[in-house]
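Here the structure is laid out as structure tokens; the discussion comes afterwards.
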Number of protein chains: 2
Amino acid sequence: MADPDVRERFRAFLREQNLPVTSQRLVIGDLLLNAPGHLSAEDVSSQLSEKGQVVGLATIYRTLDLLVNSGLVVERDFGEGFKRFEPARNLPHHYHLTCTVCGSVTEFLDERIEQMIRTAAAARGFVPSRHRLLVHGTCRDCRGAAPVPKRRTL
Amino acid sequence: MADPDVRERFRAFLREQNLPVTSQRLVIGDLLLNAPGHLSAEDVSSQLSEKGQVVGLATIYRTLDLLVNSGLVVERDFGEGFKRFEPARNLPHHYHLTCTVCGSVTEFLDERIEQMIRTAAAARGFVPSRHRLLVHGTCRDCRGAAPVPKRRTL
DNA sequence: TTTTGTGCAAACAATTTGCATGAGA
DNA sequence: TCTCATGCAAATTGTTTGCACAAAA
């Protein structure tokens with residue numbers, strides 16, 4: 001059920017840092033590192049509960065910090081008022097298409113956009129380290145049905 | 001001290017909506033619509049206080065909502081844990097360069113990036129409505145001095 | 001056995017809301 | 001006047017922290 005590779009990398013990280021490898025850390029790591037989507041702390045909590053693996057929210061937040069520090073997970077802020085977390089794949093930079101109707105998030109990659117951003121930043125005397133691109137709109141599935149997408153900020 | 005044009009547009013919006021034109025609404029609107037930067041609700045509050053125009057925080061938040069709904073102001077989330085607001089200039093889409101050392105925010109425009117984003121989204125069956133691009137890095141002024149920028153998330 | 005983690009509850013920060021009072025139309 | 005806004009304080013939400021107890025090394 002869990003990719004043994006990432007699981008092992010998280011254990012290795014904990015050992016390197018002389019941090020105890022606890023069952024809750026593994027359980028949270030397994031869930032998040034193999035999650036297809038972008039989970040919030042709440043999502044992690046409820047998905048674990050559903051599986052009968054109840055872990056306190058505080059522990060979840062603390063473990064999310066560890067995962068982010070390990071580099072295995074990245075933190076995302078979609079402007080929803082809370083953070084989401086996703087496994088750090090090897091994708092150098094992937095962008096997000098968010099559907100304003102169904103809320104689905106699609107990822108995509110574009111070398112040329114990436115290159116242009118780098119160039120545009122440099123032209124302004126700026127040395128870029130990382131960047132984020134967030135596109136809002138309507139996905140294929142939601143087009144046609146929805147009359148007026150519910151008014152949401154951002 | 002305030003651009004009479006945007007000020008008048010806010011009044012017009014209020015009148016259209018049959019909403020009272022109160023002194024606090026005007027004062028908040030004047031401040032924000034003529035602000036050079038990106039202000040948080042706290043910023044608005046403290047800047048008004050400095051001018052001796054004390055307005056309750058609740059009213060500030062309520063008025064920010066109005067300004068956003070009027071289309072005269074846009075809301076920004078830089079992942080700081082709170083929102084910032086800036087006047088909606090006529091710039092169709094401007095992007096942000098954030099310096100991770102001094103925190104300064106520079107805006108820029110790039111037609112070609114914009115076009116590529118549109119194309120990339122369309123190629124994935126997505127009709128884009130708006131998008132955001134956020135670039136982190138080091139600005140010209142901060143390069144050379146800072147050894148290791150303080151570790152911050154996002 | 002010593003260190004570090006865990007869960008709970010309290011603490012926090014940004015933002016929202018209920019309600020009595022006060023100002024615009 | 002009648003409606004809607006304001007200010008205050010209490011409520012809410014996402015997240016963090018202190019502390020007593022429990023589990024890893």
Side-chain angles (χ1 to χ4, degrees), chain A residues 10-32 38-49 52-70 73 75-85 151-154, chain B residues 10-32 38-49 52-70 73 75-85 151-154:
Chain A
F10 185 37
R11 295 183 91 114
F13 169 80
L14 293 173
R15 259 181 272 112
E16 268 166 36
Q17 309 282 311
N18 287 317
L19 296 173
V21 176
T22 66
S23 65
Q24 19 291 72
R25 282 175 180 174
L26 290 180
V27 153
I28 295 170
D30 278 350
L31 176 67
L32 198 52
H38 311 72
L39 305 185
S40 64
E42 256 349 303
D43 289 339
V44 172
S45 173
S46 55
Q47 293 196 20
L48 288 181
S49 294
Q53 305 170 315
V54 179
V55 178
L57 248 185
T59 300
I60 291 174
Y61 278 107
R62 287 186 277 232
T63 305
L64 287 173
D65 258 5
L66 289 176
L67 284 161
V68 169
N69 274 66
S70 77
V73 159
E75 188 182 293
R76 300 277 177 202
D77 190 332
F78 289 92
E80 299 165 297
F82 54 86
K83 307 273 175 56
R84 289 184 177 277
F85 300 83
R151 180 148 181 66
R152 275 300 278 133
T153 50
L154 179 92
Chain B
F10 185 37
R11 296 184 90 114
F13 169 80
L14 293 173
R15 258 182 272 110
E16 269 166 34
Q17 309 281 312
N18 287 315
L19 296 174
V21 176
T22 65
S23 65
Q24 18 292 73
R25 282 175 180 173
L26 290 181
V27 152
I28 295 169
D30 278 351
L31 175 67
L32 198 53
H38 311 74
L39 305 185
S40 64
E42 249 359 294
D43 290 339
V44 171
S45 174
S46 55
Q47 293 196 22
L48 288 181
S49 296
Q53 304 168 316
V54 179
V55 179
L57 249 185
T59 299
I60 290 174
Y61 278 108
R62 286 186 279 234
T63 305
L64 287 173
D65 255 5
L66 289 175
L67 284 161
V68 169
N69 273 68
S70 76
V73 160
E75 188 181 291
R76 299 277 177 202
D77 189 331
F78 289 93
E80 300 167 296
F82 53 86
K83 307 274 176 54
R84 290 186 176 275
F85 300 83
R151 179 149 181 65
R152 274 300 280 133
T153 50
L154 180 92

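- Here A/Asp77 contributes atom CG and B/Glu80 contributes atom CD; the two are 10.0 Å apart, rounded to the nearest 0.5 Å.
- The separation between B/Glu75 atom CD and C/dA14 atom P is 15 Å, rounded to whole Å.
- From B/Asn69, atom CG reaches atom CG of B/Leu64 across 11.0 Å, with rounding to the nearest 0.5 Å.
- In this structure, the separation between OG on A/Ser40 and CZ on A/Arg76 is 15.0 Å, given to the nearest 0.5 Å.
- Note that the two end axes of the helix from C/dT1-D/dA25 to C/dA25-D/dT1 enclose an angle of 30°, each drawn from 5 base pairs, rounded to 10 degrees.
- In this entry the distance linking CD1 of A/Ile60 with C1' of C/dC8 reads 14 Å, nearest Å.
- When rounded to the nearest whole Å, the span between CD of B/Gln24 and P of C/dA23 equals 10 Å.
- Atom CG of A/Leu31 and atom OG1 of A/Thr63 lie 11.5 Å apart (nearest 0.5 Å).
- The closest donor-acceptor contact from the side chain of B/Ser49 to the backbone of B/Ser45 lies under 3.5 Å.
- Atom OG1 of B/Thr59 and atom CG of B/Leu48 lie 11.0 Å apart (nearest 0.5 Å).
- Following rounding to the nearest Å, B/Arg25 (CZ) and D/dT3 (C1') show an atom-to-atom distance of 12 Å.
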Would you mind building the protein contact string for nucleotides 12-25 of chain D? One character per nucleotide, 5' to 3', B for base within reach (heavy atoms under 4.0 Å), S for sugar-phosphate only, - for untouched.
-> --SBBBB-----SS

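- Within the structure, every side-chain polar atom (N or O) of A/Gln17 is placed at least 4.0 Å from both OP1 and OP2 of C/dT4.
- Note: CG (A/Leu48) to C1' (C/dT6) measures 14 Å, nearest angstrom.
- To the nearest 0.5 Å, the span separating NE2 on B/His38 from CG on B/Leu32 amounts to 11.0 Å.
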Distance-only criterion, 3.5 Å: show the donor-acceptor pairs between side-chain atoms of residues 15-29 of chain A and protein atoms not counting sequence neighbours.
from    : atom 1 : to      : atom 2 : distance (Å)
A/Arg15 : NH2    : A/Glu8  : OE2    : 2.8
A/Thr22 : OG1    : A/Arg25 : N      : 3.3
A/Arg25 : NH1    : A/Pro20 : O      : 2.7

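- The side-chain heavy atoms of A/Arg84 and A/Phe78, taken from C-beta on, include a pair separated by under 4.5 Å.
- Rounded to whole angstrom, the span from the CD atom of B/Gln53 across to the P atom of D/dT6 amounts to 14 Å.
- Applying the 4.0 Å criterion to OP1 and OP2 of D/dA5, one finds that B/Thr59 has every side-chain N and O outside that range.
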